[in-house]
Amino acid sequence: MMNKKEQALVQSLKDKYALWKALRWTEKVEPDVPIPASYSDLAVGYVGLGGSSDSARVEPSCSSSINHAWGRQDKTDSQRPIRQHSTRLRALRALRHEVEIACARRLLQIDEMIEKETGDEVINET
């Protein structure tokens with residue numbers, strides 16, 4: 001049986017491992033539900049929203065040949081058709097990839113600021 005200090009150390013290692021594991025590159029997942037050819041047809045699926053914000057999420061969606069909606073799958077309410085993902089899992093994987101790219105861009109901006117301050121290229125400071 002572990003004491004409190006050992007339990008805290010094990011939990012800390014688990015937390016660090018989970019964070020390290022999250023830092024990986026995944027494949028881009030393209031939408032696989034095409035835009036319908038006819039206005040009267042309604043394609044349903046899922047879309048990722050807010051990939052560059054802290055409120056990233058996947059919503060049910062639908063699209064006709066000229067309009068779309070997210071948050072619902074029964075009728076459109078916004079202009080412009082959209083391609084969608086056939087499953088929530090596909091949309092989540094696509095959203096994860098989008099968030100990876102957005103975070104990498106933010107980190108690059110910070111690295112460039114560090115390089116400007118120090119005059120040294122930022123490679124690995126850990």
Side-chain angles (χ1 to χ4, degrees):
M1 184 174 235
M2 292 187 283
N3 62 35
K4 287 183 181 181
K5 187 175 182 180
E6 292 167 332
Q7 289 173 351
L9 176 61
V10 168
Q11 187 58 51
S12 173
L13 292 172
K14 285 180 180 179
D15 293 345
K16 286 179 182 179
Y17 176 70
L19 186 61
W20 174 81
K21 197 171 96 174
L23 293 173
R24 67 186 189 283
W25 291 104
T26 59
E27 300 268 333
K28 185 174 183 177
V29 179
E30 294 289 344
D32 60 336
V33 176
I35 295 169
S38 168
Y39 172 76
S40 60
D41 291 337
L42 192 65
V44 297
Y46 299 87
V47 293
L49 303 168
S52 59
S53 73
D54 288 338
S55 60
R57 66 196 187 280
V58 166
E59 294 279 344
S61 57
C62 61
S63 182
S64 71
S65 61
I66 59 172
N67 296 320
H68 77 277
W70 46 265
R72 63 186 315 157
Q73 293 181 316
D74 59 336
K75 66 179 183 175
T76 60
D77 57 16
S78 297
Q79 293 181 343
R80 185 179 64 77
I82 58 170
R83 293 174 60 219
Q84 305 164 89
H85 296 278
S86 58
T87 66
R88 182 171 167 76
L89 178 59
R90 284 184 62 85
L92 285 166
R93 288 182 172 150
L95 182 60
R96 188 195 197 288
H97 182 77
E98 185 181 336
V99 169
E100 288 168 14
I101 301 302
C103 289
R105 285 191 177 115
R106 291 176 64 190
L107 290 170
L108 176 61
Q109 289 174 337
I110 294 167
D111 286 347
E112 288 170 347
M113 289 186 277
I114 292 170
E115 289 173 16
K116 189 174 180 180
E117 284 296 311
T118 65
D120 296 328
E121 184 178 355
V122 176
I123 296 174
N124 187 358
E125 297 182 358
T126 56

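Residue numbers run from 1 in the order of the sequence given.
D54 meets the salt bridge (charged side-chain N to carboxylate O under 4.0 Å, His left out) test with no other residue; sequence neighbours excluded. Under the salt bridge (charged side-chain N to carboxylate O under 4.0 Å, His left out) criterion, E115 pairs with no residue, sequence neighbours left out. Qualifying side-chain contact (heavy atoms from CB on, under 4.5 Å) partners for S55, counting only residues two or more places apart in sequence or in other chains: S53, R57.
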For residues 92-108, please give each side-chain donor-acceptor pair under 3.5 Å, one per line with the distance, not counting sequence neighbours.
unit_1: R96; atom_1: NH1; unit_2: E100; atom_2: OE2; d: 2.3
unit_1: R96; atom_1: NH2; unit_2: A22; atom_2: O; d: 2.6
unit_1: H97; atom_1: ND1; unit_2: T26; atom_2: O; d: 2.9
unit_1: E100; atom_1: OE1; unit_2: T26; atom_2: N; d: 3.1
unit_1: E100; atom_1: OE1; unit_2: T26; atom_2: OG1; d: 3.3
unit_1: E100; atom_1: OE2; unit_2: T26; atom_2: N; d: 3.3
unit_1: E100; atom_1: OE2; unit_2: T26; atom_2: OG1; d: 2.6

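Of all the heavy atoms in P81 and I35, the pair that sits closest is CB-CG2, 3.5 Å. Of all non-hydrogen atoms in A43 and P34, the two that sit nearest each other are CB-O, 3.9 Å. Considering all non-hydrogen atoms of both residues, S64 and T76 come closest at N-CG2, 3.9 Å.
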* To do: Output, in order, the C-alpha distance, side-chain angles, deciding distance and verdict of side chain to side chain contact (heavy atoms under 4.5 Å, CB included) for S65 and D41.
  => CA-CA 8 Å; S65 61; D41 291 337; over 6 Å; no
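Distance alone, capped at 3.5 Å, is enough to place a donor-acceptor pair between the S63 side chain and the N67 backbone. A donor-acceptor distance shorter than 3.5 angstrom exists from the side chain of H68 to the backbone of Q79, with no hydrogens or angles considered. At least one donor-acceptor pair under 3.5 Å links the side chain of E6 to the backbone N or O of N3. Q84 contributes no side-chain N or O that, together with a main-chain N or O of P31, makes up a donor-acceptor pair within less than 3.5 Å. The backbone N or O of V29 lies less than 3.5 Å from no partner atom in the side chain of R90, so there is not a single donor-acceptor pair.
Atom CG of residue L23 and atom CG of residue L19 lie 5.5 Å apart, to the nearest 0.5 angstrom.
Between P60 and V44 the shortest side-chain heavy-atom distance does not fall below 4.5 Å. Side-chain contact check for D32 versus H85: some heavy-atom pair is nearer than 4.5 Å.
There is a path of hydrophobic side-chain contacts, each under 4.5 Å, that joins L49 to I82.
The list of salt bridge (Lys or Arg N to Asp or Glu O under 4.0 Å) pairs with a residue in residues 11-28, not counting sequence neighbours, reads K28-E30. Contacts classified as ring pair (Phe, Tyr, Trp, His ring centres under 6.0 Å) and involving residues 2-46 (residues at least two apart or in different chains) are given here: Y17-W20.
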